[in-house]
Peer 1: 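I am attaching a structure below and will ask some questions about it afterwards.
Since the model is a prediction, treat every value here as computed from it, not as a measurement.
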Amino acid sequence: MKTFLSFAFTLLLSISLHAQAKTNSSIEQQLRASGANATVHFDANSKVTTLKGVAENFSDSDTKRAGVKAMNFAVGALYAGSKIDRSIDPLTLSFWIMSGKPRFGDDQTLIAVSGNDRTDLGVGRYTARRDGMEYINFNLTRDQFAKLVEAPTFLIGGKQFTPTGSQRKLLRDILAATQAN
């Protein structure tokens with residue numbers, strides 16, 4: 001009887017763990033249902049999934065105040081396999097900046113601002129190209145990402161940006177889609 005109970009417990013535990021996996025199909029369906037500009041791609045050769053959402057540009061007033069021509073971002077993750085068994089952590093956030101000349105070379109700090117509360121989310125990896133493009137990449141924990149999602153404004157390199165409604169929605173949609181069941 002003891003052996004049977006042990007076997008039954010092990011079987012139920014493995015079934016419940018398996019049932020909690022979230023497949024790429026369900027992630028993709030969730031993103032599509034929310035209207036997110038996001039893709040989920042599984043590469044059979046490497047057995048790695050790439051999840052990526054691309055946002056619209058920040059407002060002209062924000063980019064002009066920052067001294068750049070245009071700026072948007074992409075958010076996503078890479079993970080092994082075609083499903084997630086636990087929430088994806090960290091998430092990658094990449095800012096694409098058309099600046100003409102480097103504007104963020106000296107400071108790549110990301111700060112979520114909500115009223116008087118400022119949450120330092122770290123310093124990104126920075127690259128500038130000769131064609132006037134700059135890139136700042138962050139790996140954010142789910143907690144950090146959630147702070148950014150809730151912040152009405154954020155600072156990148158000391159320059160203030162107010163995410164548009166669709167940008168905020170994309171961030172929320174990606175956070176929700178990468179949450180394990």
Peer 1: Got a sec: does the CZ of R65 have more than 12 other heavy atoms crowding it under 6.0 Å?
Peer 2: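 Yes.
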Peer 1: Any side-chain heavy atom of Y79 within less than 4.5 Å of one from N24?
Peer 2: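 Yes, their side chains come closer than 4.5 Å.
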Peer 1: Heavy atoms only: give me the nearest L170-G53 pair and the separation to one decimal.
Peer 2: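 It is CD2-C, 3.9 Å.
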Peer 1: Quick one: does T141's side chain have a donor or acceptor within less than 3.5 Å of a partner on Q144's backbone?
Peer 2: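 Side chain of T141 to backbone of Q144: a pair is present.
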Peer 1: Using only atom types and a distance under 3.5 Å, with no angle test, would you say the side chain of T162 pairs donor to acceptor with the backbone of T153?
Peer 2: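 No; judged by distance alone, with no hydrogens or angles, the pair does not exist.
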Peer 1: Please round to the nearest 0.5 Å and tell me the distance separating atom CG of L91 and atom CZ of F138.
Peer 2: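 These two atoms lie 14.0 Å from each other.
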Peer 1: In terms of relative ring orientation, are F154 and F58 parallel, tilted or perpendicular, with 30° and 60° separating the classes?
Peer 2: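 The arrangement is perpendicular - the two ring planes meet at more than 60°.
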Peer 1: For E56, does the CD atom sit with more than 12 other heavy atoms under 6.0 Å from it, leaving out its own atoms?
Peer 2: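 For E56, atom CD is crowded (more than 12 foreign heavy atoms under 6.0 Å).
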Peer 1: Please indicate whether D131 has more than 12 foreign heavy atoms, meaning atoms of other residues, nucleotides or ligands, lying under 6.0 Å from its CG.
Peer 2: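 Yes - once you tally the heavy atoms of other residues, nucleotides and ligands closer than 6.0 Å, there are more than 12.
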Peer 1: Supply the atom-to-atom distance R142 CZ to I88 CD1, rounded to the nearest 0.5 angstrom.
Peer 2: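 It is 7.5 Å, given to the nearest 0.5 Å.
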Peer 1: When you compare the side chain of T63 with that of N57, does any pair of heavy atoms fall below 4.5 Å?
Peer 2: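 Of all side-chain heavy-atom pairs linking T63 with N57, none is under 4.5 Å.
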Peer 1: Atom CD in Q179, atom CG in N181: separation rounded to 0.5 Å?
Peer 2: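 Q179 atom CD to N181 atom CG measures 8.5 Å (nearest 0.5 Å).
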Peer 1: Taking the side chain as C-beta and beyond, is there a heavy-atom pair between R103 and I97 under 4.5 Å?
Peer 2: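 No, too far: nothing below the 4.5 Å cut-off.
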Peer 1: With a 4.5 Å limit on heavy-atom distance, are the side chains of S94 and N137 in contact?
Peer 2: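 SC-SC contact between S94 and N137 confirmed.
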Peer 1: Any side-chain to backbone donor/acceptor pair from K22 onto A177? Under 3.5 Å, distance only.
Peer 2: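 Between the backbone of A177 and the side chain of K22 there is a qualifying donor-acceptor contact (under 3.5 Å).
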Peer 1: How about NZ on K169, more than 12 heavy atoms from neighbouring residues, nucleotides or ligands closer than 6.0 Å, or not?
Peer 2: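 Buried by this count: over 12 neighbours within 6.0 Å.
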Peer 1: Could you go step by step and tell me if W96 and Y135 meet the side-chain contact (heavy atoms from CB on, under 4.5 Å) rule?
Peer 2: CA-CA 5 Å; W96 304 340; Y135 302 92; 3.4 Å; yes
Peer 1: When rounded to the nearest 0.5 angstrom, what distance separates CD1 in I174 from CG in L31?
Peer 2: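 Atom-to-atom, I174:CD1 and L31:CG are 5.0 Å apart.
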Peer 1: Could you check if a side-chain atom of L93 sits within less than 4.5 angstrom of a side-chain atom of L110, using non-hydrogen atoms only?
Peer 2: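 Side-chain contact under 4.5 Å: yes.
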Peer 1: Hey, what do you get for CG (N72) to CD (Q167), rounding to the nearest 0.5 Å?
Peer 2: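 Taking CG in N72 and CD in Q167, the distance rounds to 8.0 Å.
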Peer 1: Is the CG atom of D60 crowded by more than 12 outside heavy atoms at less than 6.0 Å?
Peer 2: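 Incorrect, the count does not exceed 12.
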Peer 1: When you measure from the side chain of E134 to the backbone N and O of S99, does any donor-acceptor pair fall under 3.5 Å?
Peer 2: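 Judged by distance alone, no pair lies under 3.5 Å.
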Peer 1: Between V68 and V54, is there a shared hydrophobic cluster once you connect ILVMFWY residues whose side-chain heavy atoms come closer than 4.5 Å?
Peer 2: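 Looking at the clustering, V54 is in a separate group from V68.
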Peer 1: With a cut-off of 6.0 Å (strictly less than), are more than 12 heavy atoms of other residues, nucleotides or ligands near CE of M133?
Peer 2: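 Atom CE in M133 is crowded, with more than 12 foreign heavy atoms closer than 6.0 Å.
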Peer 1: When rounded to the nearest 0.5 angstrom, what distance separates CZ in R32 from OG1 in T39?
Peer 2: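 The CZ atom of R32 sits 11.5 Å away from the OG1 atom of T39.
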Peer 1: Within the structure provided, determine whether R118 and L155 are in side-chain contact (heavy-atom separation under 4.5 Å).
Peer 2: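 A side-chain contact under 4.5 Å exists here.
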